[in-house]
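The block underneath contains the structure these notes are about, expressed in structure tokens.
Residue numbers begin at 1 in each chain, while the letters A, B, ... track the order of the sequences.
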Amino acid sequence: MRTSQYLLSTLKETPASAEVISHQLMLRAGLVRHLASGLYTWLPTGLRVLKKVENIVREEMQRAGANEILMPMVQPSDLWEESGRWDDYGPELLRLNDRHQRPFVLGPTHEEVITKLVANELSSYKQLPLSLFQIQTKFRDEIRPRFGVMRGREFLMKDAYTFHLNNQCLEKTYQIMFDAYCRIFDRLGLDYRPVLADTGSIGGDASHEFHVLADSGEDDIAFSNVSNFAANVEKAEAIAPTGERATLNQEIIKVATPNVTSIEAVAKFLKVDIKSTVKTLLVCGVETEEGKTPIIALVLRGDHQLNEVKAEHLSQVASPLTFASDEQILIAAQCNAGSIGPVGLSCKIIVDRSAEHVSDFVCGANENGYHLTGVNWERDCSNYTVEDLRNVVEGDPSPCGQGNIIIKRGIEVGHIFQLGEKYAKAMGCSVLNEGGKNQTLTMGCYGIGVSRIVAAAIEQNHDKYGIKWPTAIAPFAAAIVPMNMAKSARVKETANALYEKLHQANIEVLFDDRKERPGVMFADHELMGTPLLLIIGERNLDNQQIEVKNRLSGEKSLIAIEDIMSLFT
RNA sequence: CGGUGAUUAGCGCAGCUUGGUAGCGCACUUGGUUUGGGUCCAAGGGGUCGCAAGUUCGAAUCUUGCAUCACCGACCA
């Protein structure tokens, strides 16, 4: 490709709306352009990278035995009604009507379509297991798109679905997919980790997320500093403190704490360690048969954070997690949110394992402007149950039993899980088994955010000059950068000949034939992250050499023109 | 949806307090100059100042409403 025929749109200045480095560089290097919130046009350079990621994903899926298909993005609503997600999915699902006022959705995912397809196509256990995948645009009307293509509303995703007669078979395929994912991220050249994940509303047994480690990531990942344990903080168990609770030696006292509501302020005001306080959060419970919403108190140690996923999984707690309104709080505790405590509370009380381990603690008095000190479990409050409710924090013992937790940020680029029968049952997806009986299939599903990977790769690979693409996904293998081609016939001839040679050899090379000064060219190619610059100048032509600069290592070297192909083997 | 901030040329910004013919840098066009790290000089083109209403002789500037965008929280590949 010659720059004179190429849409090379680099920017010197960073657009003000771009917050994270990958978004800034994607705009500056001319990879994408913003159209509307969460919607981006991929320019030639960006599309080249996207296609490379896509191809690696495709090759590894095929190697794992999956068949590529392509499903429609626009899907009839009745499929979604059949699965129950027409009501469950919420406003993230973009719904639209066609000219006959028939309702459709823009596909955020394709479980319905594929399960229906397989229900129609398969009839015998002999056809199992079956793996299908597609690489396609998804649309999710995200509440808050951000960080460019990292969280767009429209994005490119690889979604694979596998179908099995039983769980053993599903587990086997799940492992094959797990391994395929590892190969994909290895080939992409990214620093990533598979981590244990919450299975979410879908349920099922096993689930892993694949995270690219980066400080700008939106997820917290808990690692063990000793073993290879890794889990999303949402999922990581906070194990119960060991040993006996310290013996109580204080009497319960009510103290005035005027206008002090937050737990930090209370600890400071009363001059106690925040670890000797507990906080009480009121949430909605599961609706009763009479249609009433009970209130449930969740009690955590003052310095700990509620893990909403864990709370939501409790059978008594409403899902999605809903905090009690101010009115509900007033009715349940006779006070405002800043003064609630477990003592004397009449609603169901669930105490976090760590909160249950403190003695002589401080908590709200269920009276505005007052807290209690010297409170103790059992003596002062006994009607409660104990659960794991909090987020793990750095230094906690690892749930694997080895070492302590450290926490790092990650960008979720893949998620695999065992779906079970949920969709197969709903969509009537079954085959005849060996005994000639109808048997519902069990499914797995496996996603990769292809466009997100592009952004994640940049987050992990850049310097002050621009992007440093891992070789496997660089938009071009090399750029030919001639010095003052307009003045030197020799440089021009050599550059053209070199370009023809590389082009003939199917090497993706960008020939910078602009009439620009060298500095401009260098800056642009470094911004775009081209791995190799082939610099042709009068200086080295007497020796039939050109200079090669490596973007990743920064090394410069001279190479004989005739040996140029050795760079690409 | 809640909180914060923004909206003036393709991009980055000034002008608004104190209303009076819309400006700077980059980019773009033309000519010259320079040519191994974003040269320099000159001349140009490009804006109904987010939209609407109001106040006023006069609004980018003051008032009100609306829209859009971004960031912080719940969603997720």
Side-chain angles (χ1 to χ4, degrees), chain A residues 9-20 23-24 27-28 30 33-39 53 57 89-93 108-110 135-160 181 197-198 200-202 209-212 217-219 232 234 306 308-309 312 320-323 410-417 445-456 465-466 481-488 491 514-527 533 535-541 546-547 549 556:
Chain A
S9 313
T10 54
L11 303 173
K12 240 186 213 181
E13 282 168 304
T14 304
S17 59
E19 190 73 6
V20 295
H23 189 196
Q24 293 173 359
L27 292 170
R28 285 228 292 134
R33 286 293 178 260
H34 179 255
L35 178 65
S37 179
L39 301 175
V53 176
V57 172
Y89 212 96
E92 209 174 289
L93 181 64
T109 171
H110 282 69
I135 297 173
Q136 193 228 25
T137 298
K138 296 279 184 277
F139 191 92
R140 293 183 190 173
D141 203 355
E142 294 277 352
I143 302 162
R144 187 151 96 77
R146 64 182 138 176
F147 302 157
V149 301
M150 190 87 84
R151 179 184 294 284
R153 291 194 291 174
E154 189 177 305
F155 60 99
L156 191 65
M157 179 176 175
K158 185 282 298 177
D159 46 327
Y181 270 48
D198 184 65
S201 52
I202 293 154
E209 291 168 352
F210 287 75
H211 282 264
V212 166
E218 295 183 88
D219 285 277
N232 195 310
E234 285 180 352
L306 176 68
E308 301 196 5
V309 173
E312 201 169 282
L321 189 76
T322 315
F323 285 95
I411 300 167
E412 185 189 349
V413 289
H415 194 170
I416 60 179
F417 42 97
C445 93
Y446 317 83
I448 287 185
V450 177
S451 43
R452 182 180 280 182
I453 284 175
V454 177
Y465 301 110
V481 187
M483 298 292 106
N484 197 15
M485 188 166 71
K487 284 277 172 64
S488 165
V491 168
R514 292 177 295 176
K515 190 171 180 274
E516 286 289 356
R517 291 168 56 84
V520 175
M521 297 186 185
F522 288 137
D524 275 346
H525 293 294
E526 278 158 9
L527 178 60
L533 295 190
I535 304 162
I536 302 172
E538 280 288 338
R539 196 188 274 182
N540 297 310
L541 279 185
I546 61 171
E547 186 182 322
K549 184 168 180 188
K556 296 177 186 173

Over all strands shown, is [X] touching base, sugar-phosphate only, or nothing at heavy-atom distances under 4.0 angstrom?
X: T109(A); value: nothing
X: E142(A); value: base
X: D219(A); value: base
X: Y446(A); value: nothing
X: P91(A); value: nothing
X: G152(A); value: base
X: M150(A); value: base

Expressed in whole Å, how much space separates the [atom1] atoms belonging to [N] and [M]?
N: rA14(B); M: rU7(B); atom1: C1'; value: 15 Å
N: rG23(B); M: rA43(B); atom1: P; value: 16 Å
N: rA6(B); M: rC75(B); atom1: P; value: 30 Å
N: rG73(B); M: rC66(B); atom1: P; value: 27 Å
N: rC62(B); M: rU17(B); atom1: C1'; value: 11 Å
N: rC40(B); M: rU35(B); atom1: C1'; value: 12 Å
N: rA60(B); M: rG20(B); atom1: C1'; value: 13 Å
N: rA9(B); M: rU48(B); atom1: C1'; value: 13 Å

Separation of atom [atom1] in [X] from atom [atom2] in [N], rounded to whole Å:
X: F147(A); N: rC76(B); atom1: CZ; atom2: P; result: 17 Å
X: R153(A); N: rC75(B); atom1: CZ; atom2: C1'; result: 14 Å
X: H34(A); N: rA6(B); atom1: NE2; atom2: C1'; result: 14 Å
X: I143(A); N: rG3(B); atom1: CD1; atom2: P; result: 16 Å
X: E92(A); N: rA77(B); atom1: CD; atom2: P; result: 9 Å
X: E218(A); N: rC72(B); atom1: CD; atom2: C1'; result: 12 Å
X: E19(A); N: rG5(B); atom1: CD; atom2: P; result: 16 Å
X: R146(A); N: rA77(B); atom1: CZ; atom2: P; result: 15 Å

Residues which pass side chain to side chain contact (heavy atoms under 4.5 Å, CB included) with [X], listed by chain and number, not counting sequence neighbours:
X: K556(A); answer: E547(A), K549(A)
X: I143(A); answer: none
X: A523(A); answer: none

E412(A) or E308(A): which one's nearest nucleotide on RNA chain B is closer to the 5' end? E308(A)
Picking from rA74(B), rC11(B), rA77(B), which would you name as closest to the side chain of E13(A)? rC11(B)
Sorted by chain and residue number, the side chain to side chain donor-acceptor pair (under 3.5 Å) partners of R144(A) (sequence neighbours excluded) come out as none
Closer than 4.0 Å, any side-chain N/O of S17(A) to the OP1 or OP2 of rC71(B)? no
L527(A), D524(A), T10(A) screened by side chain to side chain contact (heavy atoms under 4.5 Å, CB included) with R28(A), the one that passes: L527(A)
Taking a pair as Watson-Crick or G-U wobble with both distances under 3.5 Å, which nucleotide is matched to [N]?
N: rG20(B); result: rC57(B)
N: rA77(B); result: none
N: rC49(B); result: none
N: rA67(B); result: rU7(B)
N: rU39(B); result: none

Side-chain heavy atoms of [X] within contact of [Y], under 4.5 Å:
X: I536(A); Y: V481(A); result: no
X: I411(A); Y: H211(A); result: no
X: F522(A); Y: I535(A); result: yes

Report yes if a donor N or O on one partner sits less than 3.5 Å from an acceptor N or O on the other, where the partners are the side chain of R151(A) and the base of rC75(B); otherwise report no. yes
Has the side chain of R144(A) got a donor or acceptor atom sitting under 3.5 Å from an opposite partner on the base of rC1(B)? no
Would you mind checking if E218(A) and R146(A) are paired as a salt bridge, meaning a charged N to carboxylate O distance below 4.0 Å? yes
Scan nucleotides 27-40 of chain B nucleotide by nucleotide, 5' to 3', and note B when protein non-hydrogen atoms come under 4.0 Å of the base, S if they reach only the sugar-phosphate, - if neither. S------BBBBBB-
Ring pair (Phe, Tyr, Trp, His ring centres under 6.0 Å) partners for Y181(A), two or more places apart: F210(A)
